Structure formats: C-alpha cells, structure tokens
There are 2 protein chains.
Amino acid sequence: MDYAKIAVDMALKSWNIQIDRTTKFFDTQTDEDLKKEVAPGKNTLLYLLGHLIAVNDSMISIFGLGERQYAQLDEAFVKNRDKAGFAFPDTATLRSDWTKSNEILTNYFTKMSPAEWLSKHNSMTEEDYAKEPSRNKLSVLINRTNHVAYHLGQMILVKQHLAD
Amino acid sequence: MDYAKIAVDMALKSWNIQIDRTTKFFDTQTDEDLKKEVAPGKNTLLYLLGHLIAVNDSMISIFGLGERQYAQLDEAFVKNRDKAGFAFPDTATLRSDWTKSNEILTNYFTKMSPAEWLSKHNSMTEEDYAKEPSRNKLSVLINRTNHVAYHLGQMILVKQHLAD
C-alpha cells in the first residue's frame, strides 16, 4: 500500500469535511445573521468568515505554491481583533472570496504529490526538518483543519437549538 | 522515509496538541466556572468535559483495543443533551476521569504500530475498506481531533477577552 498517498488522502478528506460543513453553515446565514456575535462580546460571524479566508489562504505562501490571493484581509481579520475599527469588505465580496479561496486551495492541493505534502514547509529550516520530519506541509494542513473546526464550533452557537 | 510512521506521528502530534490545550483550559477553570454555559442557553463546560471523555474513550472499542472505561458516561453526555435531567458524576471525578482517560488512550496509542493505525476500524466492513483505505483508524483519530478542537473553540468563549 502507498502509505504516503493514504496519509495525504486522509488529511485532505478531513480538510474537505470541515470546509464543506463551514460552507453549509455560512450558506444558512443571511447577511444580517453574519453580524451576530458567536457569544456576547465575542467575534462576529463576519469577522470569522474573513479570518478563515485569510488564514487558509496563507497556506499558499507557507507551502511556496504561488502568490496569496487574500493577503489584503490580514490587517482586519488576522492582525487585529474584531471591532478594532478596520473596514470590512462587502459581505457579498467576502462570501464570494470564501468560495473562490477554497477553489484556489483545492486546485493547488490536488496537484501536490504525496512527496511534496510530506516535504518541509517554507517557515522551517532544513535542520529542523531533519530532526522532525513530521513537521511537514501535511501537518500544517492538519493544524489548519483543526483551526477551521475550532471556529466552526463557535459559529454554530448562533443557531437556536442546544445540541450544537 | 517511513511515510506510514510519519503519517501516524503527525496525527498523534495533532491529537496531543488539542488534548494538551483542552487540559490547560480545564485546569484554569474552577468547579464553579465549569457550571458556565459556553453561550447563553448552550452546553455547560461540565457537560462538554463529560462529552469529550466519553467520545474519546469510544475509540478503544472502535479500534478493538479492549474494554471501554467510561461507557457509563454515554447516557448523560452523548446520547442526551445537557440539562436533560441526567445526574452528572462529581466534578472532581470528571476531572480525574479526563486525566485518566487521556493516559489510557496515550498508553494504547503509543503501542499501536503504523500498520495497525492504517488498518480498518471495527465499524467498517472489509469491502468498504478495500474501496477506501483512507477510512482507517488514523482517520478516526483525525476526526476525533477535530471534534476536540470544535468544542475547545466553544469552551474558550467563557474567557473574558475578545481574541479567543
């Protein structure tokens, strides 16, 4: 069995599950809903939408795949907190950025070979990688997947029923 | 390179990161704090503590490793919602169950070979596994890791500052 391929398939599947769940969640929310905070005084859904686009998009540069498409969102959605006074793009623009950014990432990800996934990422020295080869691109994807799940867990709280 | 071992190391590392973060979170909460809801009308921290113990513990039977230790928590923390009227164990007991259950899981996990991690789990037929070998024990661990992150994202909302 090609274990490298299996490992990559598993991680990509897990990524896709979280992205699909998050997309479905955003699709159920009206523009007005997106202004809601996940809990009193906490981040709004709109902030988390921009936050996830920007953080996920940063994998393009971390993996050395090309030019990031949404670096302009970092200021308002990564480097600064919600309600810090930064202007947000139109809600419609953010919604379409979410869709487009996932298409761009999927397009890059499906072209990467297992060997490429298991190679070191750009924020890491050759020396560190030799010591700890599990700190590779795939491990970044796994961490980013957990990051999506973390915020999805928060966002789902705006829904009415208790079980979420 | 032993890709199977690297894949397992990556997934276990990601698991350990989420468990450690969650343990640190619970350690900062007093017994009184654990009665708080993550958002108005939503699950309490205490419910999520029991929920995570029970759901994580179920990997022991899914992986066919032995007898589950915390199946008795399923009724109040998995099959039923918070505030459904089921008695919870003492908070001190739940706290020590969290610690013990993680020790038990770590003990099992570190003994599993890469080949074992990448083999099919007990909730799956041989036929399904042949079709989709990425649906293995390691994929269950990855999903459970996302599940921990999902609820940790919610629990962290009880903290005072906005950035969480």
Side-chain angles (χ1 to χ4, degrees), chain A residues 1-15 17-18 21 37-44 47-48 80-84 114-115 117-119 132-143 145-164, chain B residues 1-15 17-18 21 37-44 47-48 80-84 114-115 117-119 132-143 145-164:
Chain A
M1 278 209 277
D2 183 346
Y3 284 132
K5 188 178 180 314
I6 292 174
V8 169
D9 285 352
M10 284 188 320
L12 280 175
K13 192 170 167 180
S14 168
W15 167 259
I17 288 171
Q18 297 303 323
R21 288 183 67 190
E37 295 172 333
V38 298
K42 303 292 175 174
N43 290 325
T44 58
Y47 178 84
L48 289 173
N80 290 286
R81 295 179 174 198
D82 198 5
K83 301 149 205 166
W117 274 113
L118 295 165
S119 67
E132 216 175 339
S134 61
R135 288 180 59 195
N136 48 44
K137 291 172 188 166
L138 202 60
S139 72
V140 174
L141 179 72
I142 292 171
N143 289 340
T145 305
N146 287 326
H147 178 253
V148 173
Y150 179 93
H151 287 302
L152 178 60
Q154 297 177 331
M155 295 193 295
I156 231 103
L157 294 172
V158 303
K159 293 199 171 188
Q160 294 309 310
H161 43 96
L162 186 71
D164 304 314
Chain B
M1 278 208 278
D2 183 347
Y3 284 132
K5 188 178 178 314
I6 292 175
V8 170
D9 285 351
M10 283 189 321
L12 280 174
K13 192 170 167 180
S14 170
W15 168 259
I17 287 170
Q18 297 302 324
R21 289 182 67 190
E37 295 171 333
V38 298
K42 303 291 176 176
N43 291 323
T44 58
Y47 178 83
L48 289 173
N80 290 285
R81 294 178 175 198
D82 198 6
K83 303 151 204 166
W117 274 112
L118 295 165
S119 66
E132 217 175 339
S134 61
R135 288 180 58 195
N136 49 43
K137 291 173 189 165
L138 202 61
S139 72
V140 174
L141 179 72
I142 292 171
N143 289 340
T145 305
N146 287 325
H147 178 253
V148 173
Y150 180 94
H151 287 302
L152 179 60
Q154 298 177 331
M155 295 193 294
I156 232 102
L157 294 172
V158 304
K159 293 200 170 184
Q160 293 309 310
H161 42 97
L162 185 71
D164 305 313

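Computed from a prediction, not measured in an experiment: that's the story for all the values here. Throughout, a chain's letter reflects where its sequence line sits, starting with A, and its residues are numbered from 1.
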Find out whether B/Leu157 and A/Leu157 are in side-chain contact, i.e. whether some heavy atom of one side chain is under 4.5 Å from a heavy atom of the other.
yes

NZ/B/Lys5: more than 12 non-hydrogen atoms of other groups inside 6.0 Å:
no

So which part of B/Val8 gets closer than 4.5 Å to some heavy atom of chain A, the side chain, the backbone, both or neither?
neither

dist B/Ile6:CD1 -> A/Asn136:CG (nearest 0.5 Å) comes out at 7.0 Å

Residues A/Asn146 and B/Ser14: side-chain donor-acceptor under 3.5 angstrom
yes

If you count heavy-atom pairs within less than 4.5 Å of chain A, which of B/Ala7, B/Ala149, B/Ser139, B/Ala39 leads?
B/Ala149

Enter the distance from A/Thr145:OG1 to B/Ile142:CD1 here, rounded to the nearest 0.5 Å.
8.5 Å

Between B/Asn143, B/Leu138, B/Ile17, who has the most heavy-atom pairs with chain A when the cutoff is under 4.5 Å?
B/Leu138

A/Ile156 side chain reached by B/Tyr150 side chain, heavy atoms, under 4.5 Å:
yes

Mark yes or no for whether B/Gln154, through its side chain, and A/Gly153, through its backbone, hold a donor-acceptor pair below 3.5 Å.
yes

Below 4.5 Å from any heavy atom of chain B, which atoms of A/Val38 appear? Answer side chain, backbone, both or neither.
both

